[in-house]
2 protein chains.
Amino acid sequence: MSHTLGIRQAQKQKTRQALLDAALELLEGQSLSSLGLREVTRAVGVAPTAFYRHFRSIADLGVALVEEALGSLHPTIRTALSTTGDTEERIVRAVELIAGHVERHPAHVRFIARERYGGVRPVREAIGGQLARFAEEVAEALAEDPVSEGWSRDDLLMLAQLYVDQMIMTACGFLEAQEAGPEEQERSARLAIRRLRLIGVGRRHWLDDGHDDAGSGTPG
Amino acid sequence: MSHTLGIRQAQKQKTRQALLDAALELLEGQSLSSLGLREVTRAVGVAPTAFYRHFRSIADLGVALVEEALGSLHPTIRTALSTTGDTEERIVRAVELIAGHVERHPAHVRFIARERYGGVRPVREAIGGQLARFAEEVAEALAEDPVSEGWSRDDLLMLAQLYVDQMIMTACGFLEAQEAGPEEQERSARLAIRRLRLIGVGRRHWLDDGHDDAGSGTPG
DNA sequence: ATTTCCAGAGAACAGTTGTTAACTGCATGG
DNA sequence: CCATGCAGTTAACAACTGTTCTCTGGAAAT
């Protein structure tokens, strides 16, 4: 691992990264299923056949892009979840964190939003897998919160998924607001905060009303 | 309107509908931005040039598909919102309604989910416009509910959008569950119900805690 | 009955696509 | 130092794309 990889491998990874970058840029104006192999190689300035040295197909490249866009986000989320503070503070912090991420990696966010239900099955599944991992991490963090006392594992996961979906929708909102001026971004932020607030209120009062759900079926 | 349109116009509309249907079917395996004009006409069994008699471009056809998929949904939603009953009953009713719609028009739902953040700008905007209309209708219905006493117009719209987004995500869940067996559909339904329940709890306790938000800025 | 109109057909255009094959040059391992 | 491996090139393939122009048959209007 610590061994500096040779000139050969280094150059290969460089072109591979160039392909990924070019693809991501081209994807700002279209979907993955319409992205052409030649289109990508042309943008990089490399022969079409060179593509096959790195990816089996465009779908394969798409999966790699998912890894790049979401894979590195796990530690960020973990640290964000472990920050202490007032409920309100944590909400604002989370929204700011999302806003920052969208501002720094807009193309990545757009790609994920676009391909989450996009036309390329393997990519869809890759994104779904990563989001499921996020949800589990959030659920884990929620479980350690004293507010979650008495919550079933199922309900915790439900709430975690709700938070993950909310995170994505907030990111999408910022993305749309980004090309509509800063005052729209501000509006998006305030909207996201209020949404999270409302979900938080629901969370704190979840066990107040009786939830005699006969279908939950998790007696353990 | 009541005038029976001539043989000429009738045949034209028939071809137009055939193009829409064929496109929708082809879109189950790809995104709109990769759908070819010739691909569609070939599926219908018509000359490629005939396409231009009905649509200026594929994007134009996409917008027409949005109209078809979402336009007819407004009355459904309005009636669904005006049904009376217990909070829990209404939630279950709503989820059942979504499940039924997905089962009846899976291709339409898939299309909307896929193109909401898809690669074709006019289609994205058409979907966004329709969803905004939905949100306004929901907000209107919420305003008449006694639970909404004391709510600001802004907060009502926030909640309405949350419900609309929830509707779409529930529909997407059913779509994914559809190709995974009935027990997965059941699971999706129960998950959606609990989500709506939690949001409902948050709604009922929204005004309990003080929300001295200095940034809302809607004094009028 | 005759003219007008127009949905759709047909052919052709220049470009594009993914994929195969055989190649070249250079970093690498023995 | 020399042989091997392999990233990237070149050329060619059949198939496909959107768009234009010209044409035709039959419904509609006069």
Side-chain angles (χ1 to χ4, degrees), chain A residues 1-27 29-65 118-123, chain B residues 1-27 29-65 118-123:
Chain A
M1 291 295 177
S2 62
H3 194 271
T4 52
L5 64 182
I7 301 177
R8 198 81 190 247
Q9 302 258 343
Q11 181 55 37
K12 178 168 183 180
Q13 285 225 351
K14 209 169 146 186
T15 31
R16 188 190 132 103
Q17 191 58 48
L19 287 169
L20 287 170
D21 292 347
L24 199 62
E25 196 176 332
L26 288 165
L27 282 173
Q30 62 187 310
S31 304
L32 186 70
S33 81
S34 71
L35 184 66
L37 174 157
R38 293 182 103 105
E39 204 177 344
V40 179
T41 56
R42 192 188 315 130
V44 174
V46 89
T49 49
F51 182 90
Y52 294 106
R53 297 286 179 195
H54 304 275
F55 307 102
R56 206 183 305 269
S57 64
I58 284 287
D60 199 21
L61 176 142
V63 173
L65 274 179
V120 185
R121 152 109 39 151
V123 172
Chain B
M1 290 296 177
S2 64
H3 194 271
T4 53
L5 65 180
I7 300 175
R8 197 81 190 245
Q9 301 259 342
Q11 180 55 37
K12 178 167 183 180
Q13 285 225 350
K14 211 169 143 187
T15 323
R16 188 189 131 100
Q17 191 57 49
L19 287 169
L20 287 170
D21 293 348
L24 199 62
E25 195 176 332
L26 288 165
L27 282 172
Q30 62 187 311
S31 303
L32 186 69
S33 80
S34 72
L35 184 65
L37 173 158
R38 294 182 103 106
E39 204 178 346
V40 178
T41 56
R42 193 189 313 131
V44 174
V46 90
T49 51
F51 182 90
Y52 294 105
R53 298 287 181 194
H54 303 276
F55 306 102
R56 207 183 304 268
S57 63
I58 284 287
D60 198 22
L61 177 142
V63 172
L65 274 179
V120 186
R121 152 116 31 159
V123 173

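Note that the structure is a prediction, hence the values are computed from the model and not measured. In what follows, every chain begins at residue 1, and chains take the letters A, B, ... in the order their sequences are listed.
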Side-chain donor-acceptor contacts of residues 31-42 of chain A below 3.5 Å, not counting sequence neighbours, with atom names and distances?
from, atom 1, to, atom 2, distance (Å)
A:Ser31, OG, B:Gly119, N, 3.3
A:Ser33, OG, B:Ser31, N, 3.2
A:Ser33, OG, B:Ser34, OG, 2.9
A:Ser34, OG, A:Gln30, OE1, 2.9
A:Ser34, OG, A:Ser31, O, 3.0
A:Ser34, OG, B:Ser33, OG, 2.9
A:Glu39, OE1, A:Gly36, N, 3.0
A:Glu39, OE2, A:Gln30, NE2, 2.8
A:Thr41, OG1, A:Leu37, O, 3.4
A:Thr41, OG1, A:Arg38, O, 2.9

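For A:Glu25, the side-chain hydrogen bond (donor to acceptor under 3.5 Å, both in side chains) test picks out no residue, with sequence neighbours left out. The side chain to side chain contact (heavy atoms under 4.5 Å, CB included) test applied to B:Ala18 returns B:Val44, not counting sequence neighbours. Residues that satisfy the side chain to side chain contact (heavy atoms under 4.5 Å, CB included) test with B:Ala47, not counting sequence neighbours, are B:Thr49. Legend: residues meeting side chain to side chain contact (heavy atoms under 4.5 Å, CB included) with A:Ala50, ordered by chain and number and at least two apart, are A:Val46.
Nucleic acid contact class of B:Ala50 (heavy atoms, under 4.0 Å, all strands): sugar-phosphate only. As judged by a 4.0 angstrom heavy-atom cut-off over every strand, B:Arg56 is placed among residues making no nucleic acid contact.
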B/S/- contact track for nucleotides 22-30 of chain C, protein heavy atom under 4.0 Å: ---BBBS--
Filtered N/O pairs between nucleotides 10-15 of chain C and protein, under 3.5 Å:
none

Extract from the structure each pairing of a protein N or O with an N or O of nucleotides 1-4 of chain C at less than 3.5 Å, listing the distance.
none

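Within the 4.5 Å cutoff, the side chain of B:Phe55 has no heavy atoms near those of the B:Val63 side chain.
Between atom NZ of residue A:Lys14 and atom CG of residue A:Leu19 there is a gap of 13.0 Å, rounded to the nearest 0.5 Å.
Scanning residues 12-22 of chain A for heavy-atom distances under 4.0 Å to DNA chain D yields A:Lys12, A:Thr15.
In this structure, B:Gln11 atom CD and C:dA9 atom P are separated by 10 Å, rounded to whole Å. Rounded to an integer number of Å, the gap from CZ of A:Phe51 to P of C:dT19 is 9 Å. In this structure, CZ of B:Phe55 is placed 11 Å from P of C:dG8, rounded to the nearest angstrom.
Close approach of DNA chain D to chain A, defined as any atom under 4.0 Å from a non-hydrogen atom of the protein, starts and stops at D:dG5 to D:dA12.
Taking a 6.0 Å sphere around CD of A:Gln17, one finds it holds more than 12 heavy atoms contributed by other residues, nucleotides or ligands.
Secondary-structure annotation of DNA chain C gives the stems C:1-12 with D:19-30, C:14-17 with D:14-17, C:19-30 with D:1-12, with a stem taken as at least 3 successive Watson-Crick or G-U pairs whose two distances both fall under 3.5 Å.
Across all their heavy atoms, A:Ala43 and A:Leu26 have their closest contact at CB-CD1, 4.2 Å. Nearest heavy-atom pair, B:Leu61 versus B:Ala23, reported as atom, atom and distance to 0.1 Å: CD2-CB, 3.6 Å. Closest approach of B:Val120 and B:Ala59 over heavy atoms only: CG1-CB, 3.6 Å.
Summary of the strand contacts: B:Gly36 and A:His54 both lie near DNA chain D, and taking for each the nucleotide with the nearest heavy atom, the more 5' one is attributed to A:His54.
Judged as a side chain to side chain donor-acceptor pair (under 3.5 Å), not a single pair has a partner in residues 51-60 of chain B (not counting sequence neighbours).
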